[in-house]
Number of protein chains: 2
Amino acid sequence: MKMKLSDFLDQSKEKIEVAMSSYVESLNTPDLLKDAMLYSLEAGGKRLRPILVLALLHTYNKQEDIGISTACAVEMIHTYSLIHDDLPCMDDDDLRRGKPTNHKVFGEAMAVLAGDGLLTQSFSLIVNDSKPSPEKRLRIISELVYAAGVEGMVGGQVADMEGEAKSLSLEQLQYIHEHKTAKLLGFSIVSGAILADAPEDDIEKLRTFAYHLGIAFQIRDDILDIEGQQELIGKPIGSDILNEKTTYPSILTIDGAKEKLDSHIKEAKSLLNSLSVKSDLLIEICDLIATRNH
Amino acid sequence: MKMKLSDFLDQSKEKIEVAMSSYVESLNTPDLLKDAMLYSLEAGGKRLRPILVLALLHTYNKQEDIGISTACAVEMIHTYSLIHDDLPCMDDDDLRRGKPTNHKVFGEAMAVLAGDGLLTQSFSLIVNDSKPSPEKRLRIISELVYAAGVEGMVGGQVADMEGEAKSLSLEQLQYIHEHKTAKLLGFSIVSGAILADAPEDDIEKLRTFAYHLGIAFQIRDDILDIEGQQELIGKPIGSDILNEKTTYPSILTIDGAKEKLDSHIKEAKSLLNSLSVKSDLLIEICDLIATRNH
């Protein structure tokens, strides 16, 4: 029986949130640090990255629980990156998802350490997960470093900083978003496929799928900054223009950006249709990302 | 033939420094990030943590090269922790080993990211090291998270911050140094023993040995802050007293601290003498730590 997308998303979210909180609660560490980590982990969000891990297991008809530890790990990495990005020396943001940012509540030093802690512990979730074979766990850790480290997310963040208040080429913009956003989404998808014992051919197709999905995700973000509703996206409309940020619409016009979004989604779906399994759930997630209003 | 300690230290240092730099050079990441990481990695230091990994392999008559990747990983973790500790929101230090700190040269945002990058990549060095078996690599990664994460170094750093400008009990001081310093030294020793296929009995003894060595290391630090020579330790004498920091001498008097140092070194050596192998090199390293003047 086909599962409704919204049910799958809700159930996955619930499982992931319970598992993350209970993992952090179980750690033997000063309460203040635990509180700071839990504050950001429990601040909500779409949980897209961990849901993708479970969606891959679902697609290959495997028990979704096999992916819970890896799903929690990627959400912890995502959360650490938000805490560090919000710091005064980085984006200097006071609000995140409508709540005061971590350093506003716990101070800057604790925010740095909560981020360091979440990053480090994410590896523990994978390494100590007894379900996948040792070889699989090592492969997943290697993929995680590739996606989250200096050849992935951290590198993209540096490129983003270097490009601030400069006029970027489409190629430079692409580099930033591929590294800052698409690679970690790619980790979710590839690690889910590895855990699901997907054929190697499928895994490579899914890696390219993730690239298109990630860029589409970012283009939609840029479009929402122009055409979105403030109450839905939770931040003021037009902030990119105000900050003179290079975006897909600023280079391609809004119509050009919409065309580019469509073409990435088309590529993504055609890759899904070439997999060895039916991928209705992933196709629905694609559509959701292309049309989301927050 | 017995090797001279100073030769062992010099040769190990050289190997580790070459391997670390060439690893970072090989990464596909923005040059500015690479420069920031290399700046701190190449700023010198005793390289005690990585040398201990190699010293364990030497002790068990194994090829020291087996430990190079793990040795580089622990030095990268140590270096990331120094970069983050020096940030204005943490200890706000302008100088480290006589050179401007990372954020003084590259700015705060880049220093945060260089630290994040070093921390993340350290796992790559271990996971992609083809020499140890998959099971050994997983065990070493698990030990690294335990030593460097919120149940180890990051937790110790938080306890240290919470204890600032407060009068601490000996127990609280012990918690801070056990977590902030001894656990990562413990990782070096235990991971070296795992790589060397040391008997499990020895590994547990070495874990306790590392605890005594780590505390002894810290007591010596506190004593040097009172009796050391500024030109040798590279920072002003008496800064702990000036900052009203709780130290071993402030709780125990200087003579009491020296006695405590001796008793930890005695325990450490007695554990070494109970191992299944002769451990002359480790005994010499113990003495070096107990009597070092910088």
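Letters A, B, ... mirror the listed sequences (proteins, then strands); counts begin at 1. We use all heavy atoms of the structure for the numbers below, so side chains are in, but hydrogens, waters and symmetry mates are not.
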Next on the checklist: Counting heavy-atom pairs under 4.5 Å with chain B, which one of A:Asn28, A:Ile141, A:Val154, A:Leu118 comes out on top?
Outcome noted: A:Asn28
Item to check | Part of B:Tyr175 within contact of chain A (heavy atom distance under 4.5 Å) | outcome: side chain
Checklist entry - Top residue by heavy-atom pair count (under 4.5 Å) with chain B, among A:Val150, A:Leu33, A:Leu144, A:Asp85? => result A:Val150
Checklist entry - What option among B:Leu32, B:Ile126, B:Leu87 has the most heavy-atom pairs under 4.5 Å with chain A? => result B:Leu32
Item to check | chain A interface, residue from B:Gly117, B:Pro30, B:Ala159 that has the most non-hydrogen pairs under 4.5 Å | outcome: B:Pro30
Checklist entry - Any chance the side chains of B:Asn102 and B:Ser40 put a donor and an acceptor closer than 3.5 Å? => result yes
Item to check | Parallel, tilted or perpendicular: ring planes of B:His84 versus A:His84, cut at 30 and 60 degrees | outcome: perpendicular
Checklist entry - Is A:Asp197 salt-bridged to A:Lys136, cutoff N-O under 4.0 Å? => result yes
Next on the checklist: Please rank A:Gly156, A:Gly155, A:Ala36 by heavy-atom pairs under 4.5 Å with chain B and give me the top one.
Outcome noted: A:Gly155
Checklist entry - What part of B:Asn128 is in contact with chain A, defined as an atom under 4.5 angstrom from a non-hydrogen atom: side chain, backbone, both or neither? => result side chain
Checklist entry - With only heavy atoms counted, which part of B:Met37 is less than 4.5 Å from chain A, the side chain, the backbone, both or neither? => result side chain
Checklist entry - Has B:Glu204 got more than 12 heavy atoms of other residues, nucleotides or ligands less than 6.0 Å from its CD? => result yes
Checklist entry - Between the main-chain N or O of A:Pro132 and the side-chain N or O of A:Arg137, is there a donor-acceptor pair closer than 3.5 Å? => result yes
Next on the checklist: Please classify the contact between B:Leu138 and chain A as side chain, backbone, both or neither, with a heavy-atom cut-off of under 4.5 Å.
Outcome noted: both
Checklist entry - So, B:Arg207 and B:Glu143, do they make that salt bridge, N to O below 4.0 Å? => result yes
Checklist entry - Is there a side-chain contact between A:Tyr248 and A:Leu170, using heavy atoms and a 4.5 Å cut-off? => result yes
Checklist entry - What residue in B:Asp116, B:Leu27, B:Leu119, B:Val112 has the most heavy-atom pairs under 4.5 Å with chain A? => result B:Asp116
